[in-house]
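To start, the structure under review is shown below, and the notes come after it.
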Amino acid sequence: MMGKQTEGGFKLEQRHGKARVRVARVWRNKPDGPHVIVEWCVSISLLSECLTAYTRGDNSDIVATDTMKNTVYAKAKECVEQVSVEDFAVLLAKHFTSLYQQVTCAIVNIVEKPWERVSVDGETHEHGFKLGSERHTTEVILEKSGALRMTSGIEGLAVLKTTKSGFEGFIRDKYTALPDTRERILATEITASWRYLYESIFSIPLKPLYFTERYLNVKKVLTDTFYGPPKEGIYSPSVQSTLYDMAKTVLKSFPDIAAVQLKMPNLHFLPVNLSNKDGTIVKFEDDVYVPTDEPHGSIQATLSRLWSKM
């Protein structure tokens, strides 16, 4: 999304902002209670009526990017109670679109690092944390009118199952060397994003940490659908089929989600058998593999409700 303006027979599309503003916020609200910490990487883009900054060198309509950075820290300080990453993004977007007459739209992207509370001797530690793996993401696009587009997501959610996966019946030609199989390791690193149905800042749920809870629930639905029941699991005939089942289950489980996009690279584990010109030295019977990061299969799809706006 870019701001569009015309001048002297030319069309200018522009936006400006501050990227990768890193901020950590600690809440120590109760003297004897557990602490909470979040670490966010914030990026802000503003669409604004600042044509003269480009055409005449007049910066009087520009919001300085250093001001944007300082605003992130100030607004984090103002959050006396813990807030979700989505609510903080909305808070920033509302600030920029309401305070500055020139700003017509604010786009706020935030990535949250997964600091997780630790346990020591079986007891939850009140101020000790360790860094997890997958990251919570959000993008909020807010126009001055109050029109809203909100997306949340997950990056780096690594999952693997050692059986109940296959791939067969695919197109074969003279370049095909891959054999059919009904038994393989299935591993991927999920990047997921889901768009909410809320179209105005006035329709957002007021429940504290609503979007944090929704994030955790969506993540659980995605992983539970991937793995299947604990004992018997669930067979995956392809990454495509599993991706579709995961996205469909999210939409069926959460009525306020309009669309789900999943990126699931197929991270291959190649069976090892050692051989030389005289024949096989060792056959490993499908228990030793070479894990690979590249090249890998690339699978991506978006599933939407038919009646939702895109």
Quiz item: Within the distance-only criterion (no hydrogens, no angle test), does the side chain of K164 pair as donor or acceptor with the backbone N or O of G228 below 3.5 angstrom?
Solution: no

Quiz item: Is there a donor-acceptor pair under 3.5 Å between the side chain of T67 and the backbone N or O of V63?
Solution: no

Exercise. Answer yes or no: are there more than 12 heavy-atom neighbours, outside K161 itself, under 6.0 Å from its atom NZ?
Key: yes

Quiz item: Any donor and acceptor pair, going by atom type alone, linking the side chain of K144 with main-chain N or O of T97 inside 3.5 Å?
Solution: yes

Self-check item: By ring pair (Phe, Tyr, Trp, His ring centres under 6.0 Å) - contacts of F96 (at least two apart)
Solution: none

Quiz prompt | Approximate separation, where rounding is to 0.5 Å, of E143 CD and I201 CD1 | solution = 11.5 Å

Quiz prompt | Inter-residue atom distance R20.CZ - K69.NZ, 0.5 Å rounding | solution = 15.5 Å

Self-check item: Between CG on residue N59 and OG1 on residue T52, distance to nearest 0.5 Å
Solution: 8.0 Å

Practice problem: Check whether any side-chain N or O of T138 sits under 3.5 Å from a backbone N or O of T151 as a donor-acceptor pair, and report yes or no. | Solution: yes

Quiz item: R15 and S45: which non-hydrogen atoms are nearest, and at how many Å?
Solution: NE-OG, 3.8 Å

Self-check item: Hydrophobic cluster identity match, V288 and I185, side-chain contacts under 4.5 Å
Solution: no

Quiz item: Between K207 and E213, is there a side-chain N and carboxylate O pair less than 4.0 Å apart?
Solution: yes

Practice problem: Please answer whether the main-chain N or O of C79 pairs with a side-chain N or O of R25 as donor and acceptor at a distance below 3.5 Å. | Solution: yes

Quiz prompt | Short side-chain to backbone donor-acceptor contact, W27 and V80, under 3.5 Å | solution = yes

Quiz item: Can you list every side chain to side chain donor-acceptor pair (under 3.5 Å) pair that touches residues 288-299, not counting sequence neighbours?
Solution: none

Practice problem: Pick out which of E39, E112, E155 makes a salt bridge (charged side-chain N to carboxylate O under 4.0 Å, His left out) with R135. | Solution: E155

Exercise. With sequence neighbours left out, write down each residue that passes ring pair (Phe, Tyr, Trp, His ring centres under 6.0 Å) with Y175, or none if nothing qualifies.
Key: none

Quiz item: In terms of hydrophobic clustering (I, L, V, M, F, W, Y; side-chain heavy atoms under 4.5 Å; direct or indirect links), are L99 and V108 co-clustered?
Solution: yes

Self-check item: Among V38, I110, V90, T212, the one residue meeting side chain to side chain contact (heavy atoms under 4.5 Å, CB included) with V85
Solution: I110

Quiz item: Which atoms form the tightest heavy-atom contact between V221 and S253, and what is the distance?
Solution: CG2-OG, 4.2 Å

What pairs of donor and acceptor atoms, side-chain ones from residues 120-130 against any protein atom, are under 3.5 angstrom apart with sequence neighbours left out?
from: H125; atom 1: ND1; to: H127; atom 2: N; distance (Å): 3.1
from: H125; atom 1: ND1; to: G128; atom 2: N; distance (Å): 2.9
from: K130; atom 1: NZ; to: E116; atom 2: OE1; distance (Å): 2.9

Quiz item: Can you list every pair that meets ring pair (Phe, Tyr, Trp, His ring centres under 6.0 Å) and has a residue in residues 215-266, with sequence neighbours left out?
Solution: H136-Y215

Quiz prompt | Residue pair M150, E139: steps toward the side chain to side chain contact (heavy atoms under 4.5 Å, CB included) verdict | solution = CA-CA 6 Å; M150 176 187 288; E139 179 181 73; over 6 Å; no

Self-check item: Ion pair D180/R172, N-O distance below 4.0 Å
Solution: yes

Self-check item: Working for side chain to side chain contact (heavy atoms under 4.5 Å, CB included), residues L251 and V260
Solution: CA-CA 7 Å; L251 291 182; V260 182; 3.7 Å; yes

Self-check item: Value rounded to 0.5 Å, distance of CG in D87 from CD1 in I204
Solution: 7.0 Å

Practice problem: Kindly work out whether a path of hydrophobic side-chain contacts (I/L/V/M/F/W/Y, heavy atoms less than 4.5 Å apart) joins I44 to Y100. | Solution: yes

Quiz item: Of V218, V159, I154, which is the lone residue that meets side chain to side chain contact (heavy atoms under 4.5 Å, CB included) with T223?
Solution: V159

Quiz item: Is the side chain of S241 donor-acceptor paired with the backbone N or O of P237 at a distance under 3.5 Å, no angle test?
Solution: no

Quiz item: Is the closest side-chain heavy-atom distance between R184 and N266 below 4.5 Å?
Solution: yes

Quiz prompt | T242 (side chain) donor-acceptor with V239 (main chain) under 3.5 angstrom | solution = no

Quiz item: Between Y198 and P205, which heavy-atom pair has the shortest distance, and what is it?
Solution: OH-CG, 3.3 Å

Self-check item: Worked check of side chain to side chain contact (heavy atoms under 4.5 Å, CB included) between V250 and L222
Solution: CA-CA 7 Å; V250 169; L222 290 172; 3.7 Å; yes

Quiz item: Taking only residues two or more places apart in sequence or in another chain, which ones pass ring pair (Phe, Tyr, Trp, His ring centres under 6.0 Å) with F167?
Solution: F170

Practice problem: Could you check if a side-chain atom of P291 sits within less than 4.5 angstrom of a side-chain atom of L267, using non-hydrogen atoms only? | Solution: no

Practice problem: Might you point out which heavy atoms bring E86 and S152 nearest each other, and give the distance in Å? | Solution: OE2-OG, 2.6 Å

Self-check item: Exam field: side chain S203 to backbone S200, donor-acceptor pair closer than 3.5 Å
Solution: yes

Quiz prompt | Q300 vs M264, side chain to side chain contact (heavy atoms under 4.5 Å, CB included): CA-CA, chis, key distance, verdict | solution = CA-CA 6 Å; Q300 173 179 332; M264 293 174 54; over 6 Å; no

Quiz item: Applying the 4.5 Å side-chain criterion to the ILVMFWY set and letting contacts propagate, would V42 and L91 be lumped into a single cluster?
Solution: yes

Quiz item: If Ile, Leu, Val, Met, Phe, Trp and Tyr residues are connected whenever their side-chain heavy atoms lie under 4.5 Å apart, and connections chain through other members, are M246 and L303 in the same group?
Solution: yes

Practice problem: Find out whether I190 and K263 are in side-chain contact, i.e. whether some heavy atom of one side chain is under 4.5 Å from a heavy atom of the other. | Solution: no

Practice problem: State, with a plain yes or no, whether a side-chain heavy atom of R214 is found less than 4.5 Å away from one of K219. | Solution: no

Quiz item: If you look at every heavy atom in F88 and V72, which pair is closest and at what distance?
Solution: CZ-O, 3.6 Å

Quiz item: For T302 and A259, which heavy atoms make the closest approach, and how far apart are they?
Solution: CG2-CB, 4.5 Å

Practice problem: Please round to the nearest 0.5 Å and tell me the distance separating atom OG1 of T162 and atom CZ of F269. | Solution: 10.5 Å

Exercise. Take T181 and E168, measure what side chain to side chain donor-acceptor pair (under 3.5 Å) needs, and give me the verdict at the end.
Key: CA-CA 6 Å; T181 183; E168 56 187 340; over 6 Å; no

Quiz prompt | V21 and C41, any side-chain heavy atoms less than 4.5 Å apart | solution = no

Quiz item: Any donor and acceptor pair, going by atom type alone, linking the side chain of E49 with main-chain N or O of D61 inside 3.5 Å?
Solution: no

Self-check item: Atom pair CG (L262) and CH2 (W194), whose distance is rounded to the nearest 0.5 Å
Solution: 9.5 Å

